[in-house]
Every structure is written in structure tokens, then in C-alpha cells.
Amino acid sequence: MATGQSKQRVVIAGGGTAGWVTAAALSSQIGKLIDITLVESEELGTIGVGEATIPTHRSFHDIIGVKEADFMRATQATFKLGISFEDWGALGDRYIHSFGKIGISTWMADFHHLWMQAKADGFGGDLGDYCLELRAAEAGKFAITEKPALNYAYHLDAGLYARFLRKHSEARGVKRIEGKFVDVRQNGETGFIESLIMESGDEVAGDLFVDCTGFRATLIEKALGVEFEDWSHWLPMNSAAVVQTEGAGKIPPYTRSMARGAGWQWRIPLQHRVGNGHVYCSDYMSDDEARKVLEETVEGEMLFEPRVIRFRTGRRKKVWEKNCIALGLSSGFLEPLESTSIHLFQIAATRLIQMFPFAGISEAQASFYNKISEDEFLSVRDFIILHYILTKRDDTAFWRDRQALDLPDSLKHRIELYRQNSFVYQGESDLFRIDSWLQVMRGQGLASENYHHVGKLMGTERLKANMEGYAAQIRAAVQKLPSHDDFIARYCAAPEV
């Protein structure tokens, strides 16, 4: 910090979702203590791959003071109760990874152990009978209720969301500078970044810099030399053909993920259009083939010609180096199979607030921040690999090769725990809950014969009564819900853009 300066100067390099998430978070919580400047160029544009979120998005909005209906109208948003996975375990298979809690667990064992005892005793039905969000998603229904409350996230237009957050941030004192920076000035002794040199010749000086320059990683990699750890051997998808289509028909309250010959395709329903993308590995499929698959399978008229985006899966070995923090795509990339991209932006920004270096940069602080970020990335990586490794598809070379992967030890251990004892856990750094791991494991066909015998302690009649009673409550709750379309029309209908 410069002599006599009362506030630390934070410079956010790059806009888009990551940049404006950072600006919104900092300005809403500690904006009175720091000066925030965001530098971006409209010429560069943004990737805009992620348009689906997970339920933590709601907590982030609570932190920054955003009203839900206003946000949804501004971003053409719809509600999301989970993801429908189609043709993943085998051709013709379908399961929903919902955001719901399954049944009521005991301190001794999770609910699915009770359900497995019920199945062994000849009753119990389908595991999905005990999850409100899953059954509501299948029925195309949604409402914001308290008892019972649905756990939900959003589908949104990423470009409109960045614009929404920009307005929110500028109202809280964030200064935006339009233009491209062409160089980075660093201290000759410490290597710390001192300023960004603009194309115009002006300099933007700061004390702390946040790299939101996307895959370019202009500060963290090009200036500071932090290496990238490549995970392509586990997750080889490196391309996506993307297009938007006109909205047509009812809006499902879930994302669709449809496995294709060399990857998968997403369908994300917004209020007036649908986001579509075909994620694939170029080692198994050409760009032209990928575009053709997308064009032949989208629903509704395409609003532009499909474009191809390149990426590489992996993480930055350090996300905090000297006085620079990489946030967003500059910190790493995981394919958007489970809609984690925006969450990782948000949690990184909120962690920066909690660990803000008011007293100056501390190596211990930076190391701790890096360790937490690494653990989060590793956990999400394992969850995504889980979808591929358990497939039984052998119709293409791509899917046969997925089954032959040499797994990370952390994931191998999880799979064996479930296979041998039906045991599922949520570790300290795990983003996804037990119910999420369980739904994907079972949905992908992972079998387990052994389970905890807590159900035997209840006795057959009591267990049966409890199971039937809870399933009946779920059916009754779903029956009372309005359709997803009707609720949106009443609550947050957006104007055409």
C-alpha cells in the first residue's frame, strides 16, 4: 500500500461472470474499506459456457443483497431442481441427479440403508419415491414453499447475469475502466504486480490484483509464471459446440445432459430461449461432426450458427501468488457437467472476503487459501470422473476408453466403500452431499449388496409404515405444486430480449 493511503486498491483484471461476481461480492461486504476497479474490454467478449447453477447460488445472492425475482427477470432465469442424465450408464438409461435430500436418515446410518433393508423385505418401491425434488422435477412442477421446502438452483443467461452484477456493483462504488491492458508492471525486487498498462498508455495501479482474464490467465501465468496442472488424462473433453435456440413448449425445471458418441450434450431451458452445447473430445470427433450432432438434435430454431470453444481441464497449481489471485477460468477449468463453474467463482470470491489481506500479503494466508481451493477442485474433479468411469457403454471407442481409466486414489476409495458396504460420505472439502454421490453412483449402475442393518432394529412392520408414510407425503406435496411454467409466469416473468 502506498504511503499515506487509507484504503487498499483492488484491481480486477477482466469482466464477464467471474469479474463481476468478484466485484459484487467485495463491494457488497467490504466496499467501504477498499477501492475496487474493474478493467475490461468489450472487444474481448466472454466464454459464456455456464448457464446452469447449483443451490449455493442462492446463498451468494443473500450475501450480496440480490432480490431473487429481480435477478430472474433480468437474466431470463428459470428454476432448476437437478440434472437429467440420459444414456450415460448404458444406452436407454435415464436418471435424475436432484438437489433433494432422500428420506430421513438416522444418526447410525443414512436413509438408503433403511431402503435397502425394505427392498430385502419385499417392499420399499423406488428410491426416488422419497425425494421431493426428484419427483417434482419429473412432474414439471415447482414453487417456493416452506413446508416442505424445495432445494433449487437456476438456469440463467450468463451474459445478462454479468450485466446485472455490473449494475449492482457500480451502484456500490465499483469503478469500471473500458479498454485493453497490454502489459503488466512488476516490482523489480519482489515481483509483485504494481499496475496494468493500458493500450492508451494509462496505468491502473493497485495493491491486490484479481486475475479474471479467463483462459488467457494474463496475470497469474504470463506475468507470474504459475503453472497449470493438466487433467486431460482423466477428463479429455477439450471442445464444445454451442448454440442458442428459440424456446418451445413447456419449460422443465431441470437441465438435460445427454451422452453422445464422444462426449455429451446439454440443454438448458431459459424463459425465452434454450442454451445448447455439445461437449466432446477432438481425439474422437471432428468439429464438423460435433456441429452436425448438435444441429440434428437441438429442438427449436437456432438463433445463430454453432460456434466451437476450446478448453483444457485442470487447475492452476497456485491460485494466490504474490499479490495476485486467479479467479474464474484463469484458476482452472472443469467441464460444466454438474454446473459447478459459477459456484467456484462465487466461493473463491467469498473466501477472499473472509481472508482479505488488510495487513498485507501473508505467505501463510496465501498457502491456506491455495490448499482449500485445491481440495475443492479435486473433489469436484472426482465427482465428474465418477459419471464416466461407471459407464457400461461400449458402442464407441470413447466410451470403451472411459472404462479403462486409471482412477485417482481418492475416487477409487469412494467407489470401493459403496461397492462393499453401501457407504457414502461427504468429506470436509466436498461440495456435493451424500445424496448427490448416492444418486450418481446408483444412476450409473454401481451395485452394492451389503448395507447397515439399522432397519432390522425397527422391525418389518414399523419400517414398512414409516417408508409408506414418507412416500405418501412426497406424493401429496408434489400434487399440490403448480407447474413450473405457471409459477414463473406469476413470480418472475421476464420481458423478451
Show your working on side-chain contact (heavy atoms from CB on, under 4.5 Å) between Gln439 and Leu134 and close with a plain yes or no. CA-CA 10 Å; Gln439 288 176 87; Leu134 195 153; 3.8 Å; yes
Short N-O contact, [X] and [Y], less than 4.0 angstrom:
| X | Y | answer |
| --- | --- | --- |
| Asp157 | Arg273 | yes |
| Glu227 | Lys317 | yes |
| Asp126 | Lys119 | no |
| Arg316 | Glu321 | no |

Set out, in order, the CA-CA distance, both residues' side-chain angles and the distance that settles side-chain contact (heavy atoms from CB on, under 4.5 Å) for Gln271 and Thr78, then state yes or no. CA-CA 6 Å; Gln271 291 191 37; Thr78 62; 3.8 Å; yes
Do the non-hydrogen side-chain atoms of [X] and [Y] ever get within less than 4.5 Å of each other?
| X | Y | value |
| --- | --- | --- |
| Trp264 | Met258 | no |
| Leu224 | Leu219 | no |
| Leu407 | Ile385 | yes |
| Arg381 | Leu411 | no |
| Phe311 | Val279 | yes |
| Leu208 | Ile361 | yes |
| Ile389 | Gln403 | no |
| Trp231 | Phe377 | yes |

So, [X] side chain and [Y] main chain: donor-acceptor pair closer than 3.5 Å or not?
| X | Y | result |
| --- | --- | --- |
| Thr145 | Lys147 | no |
| Asp129 | Ala471 | no |
| Asp394 | Lys392 | no |
| Ser367 | Ala364 | no |
| Trp399 | Arg260 | yes |
| Ser331 | Gly328 | yes |
| Thr213 | Arg216 | no |
| Gln29 | Ile63 | yes |
| Trp266 | Ile268 | no |
| Asp211 | Ile325 | no |

side-chain hydrogen bond (donor to acceptor under 3.5 Å, both in side chains), that's the test. Do His343 and Thr53 meet it? Break it down for me. CA-CA 7 Å; His343 162 79; Thr53 67; over 6 Å; no
Between Tyr95 and His97, is a ring-ring contact (aromatic ring centres under 6.0 Å, His included) present by the stated rule, with each step listed? CA-CA 7 Å; Tyr95 70 93; His97 165 207; 8.1 Å; no
Looking only at heavy atoms, which two atoms of [X] and [Y] are closest? And how far apart?
| X | Y | value |
| --- | --- | --- |
| Thr17 | Ala158 | OG1-O, 3.8 Å |
| Gly65 | Arg172 | O-NH2, 4.5 Å |
| Ser169 | Ala23 | OG-C, 3.6 Å |
| Ala136 | Leu481 | CB-CD1, 3.9 Å |

Using the rule given for side-chain contact (heavy atoms from CB on, under 4.5 Å), can you reason through Glu335 versus Leu235, listing the C-alpha separation, both sets of side-chain angles and the distance that settles it, and then say yes or no? CA-CA 8 Å; Glu335 61 183 87; Leu235 295 167; 3.8 Å; yes
Might you work through the side-chain hydrogen bond (donor to acceptor under 3.5 Å, both in side chains) test for Gln444 and Thr391, ending with a clear yes or no? CA-CA 6 Å; Gln444 293 291 144; Thr391 186; 5.1 Å; no
Between Phe398 and Tyr388, what is the ring plane arrangement, given parallel below 30°, perpendicular above 60°, and tilted in between? perpendicular
Over 60° means perpendicular and under 30° means parallel, so classify the ring planes of Phe79 and His484, tilted if in between. perpendicular
Can a donor-acceptor pair be found between the side chains of Glu86 and Ser84 at a distance below 3.5 Å? yes
CA sep, side-chain torsions, deciding dist, call: Ser373, Lys318, side-chain hydrogen bond (donor to acceptor under 3.5 Å, both in side chains): CA-CA 9 Å; Ser373 299; Lys318 291 182 182 178; over 6 Å; no
Stacked cation flag [X] on [Y], 6.0 angstrom / 45 deg:
| X | Y | result |
| --- | --- | --- |
| Arg351 | Tyr369 | yes |
| Arg393 | Trp88 | no |
| Arg414 | Tyr425 | yes |

Distance check, rounded to the nearest 0.5 Å: Ile30 atom CD1 versus Gln354 atom CD? 10.5 Å
So, taking the atom named OG in Ser105 and the one named CD1 in Ile434, what distance separates them when rounded to the nearest 0.5 Å? 7.0 Å
Testing Leu329, Leu38, Val21, Leu327 one by one against Cys212 for a side-chain contact (heavy atoms from CB on, under 4.5 Å), which residue passes? Leu327
Taking atom [atom1] of [X] as the centre, report whether more than 12 heavy atoms of other residues, nucleotides or ligands fall under 6.0 Å from it.
| X | atom1 | value |
| --- | --- | --- |
| Phe123 | CZ | yes |
| Arg462 | CZ | no |
| Lys250 | NZ | no |
| His453 | NE2 | yes |

Which is it for Glu461 and Lys464 under the salt bridge (charged side-chain N to carboxylate O under 4.0 Å, His left out) test, yes or no, and what are the steps along the way? CA-CA 5 Å; Glu461 293 306 314; Lys464 186 175 184 180; 6.0 Å; no
Any side chain to side chain donor-acceptor pair (under 3.5 Å) involving residues 59-69? Give me the pairs, sequence neighbours left out, ordered by first then second residue. His57-His61, His61-Tyr161, Glu68-Tyr152, Glu68-Tyr154, Glu68-Tyr491
Using the benzene-type ring in the case of Trp, are the ring centres of Tyr418 and Phe423 under 6.0 Å apart? no
Sorted by chain and residue number, the ring-ring contact (aromatic ring centres under 6.0 Å, His included) partners of His387 (sequence neighbours excluded) come out as Phe85, Phe383
Pair Arg419, Asn450 - check side-chain hydrogen bond (donor to acceptor under 3.5 Å, both in side chains), show working. CA-CA 8 Å; Arg419 181 177 281 129; Asn450 303 311; over 6 Å; no
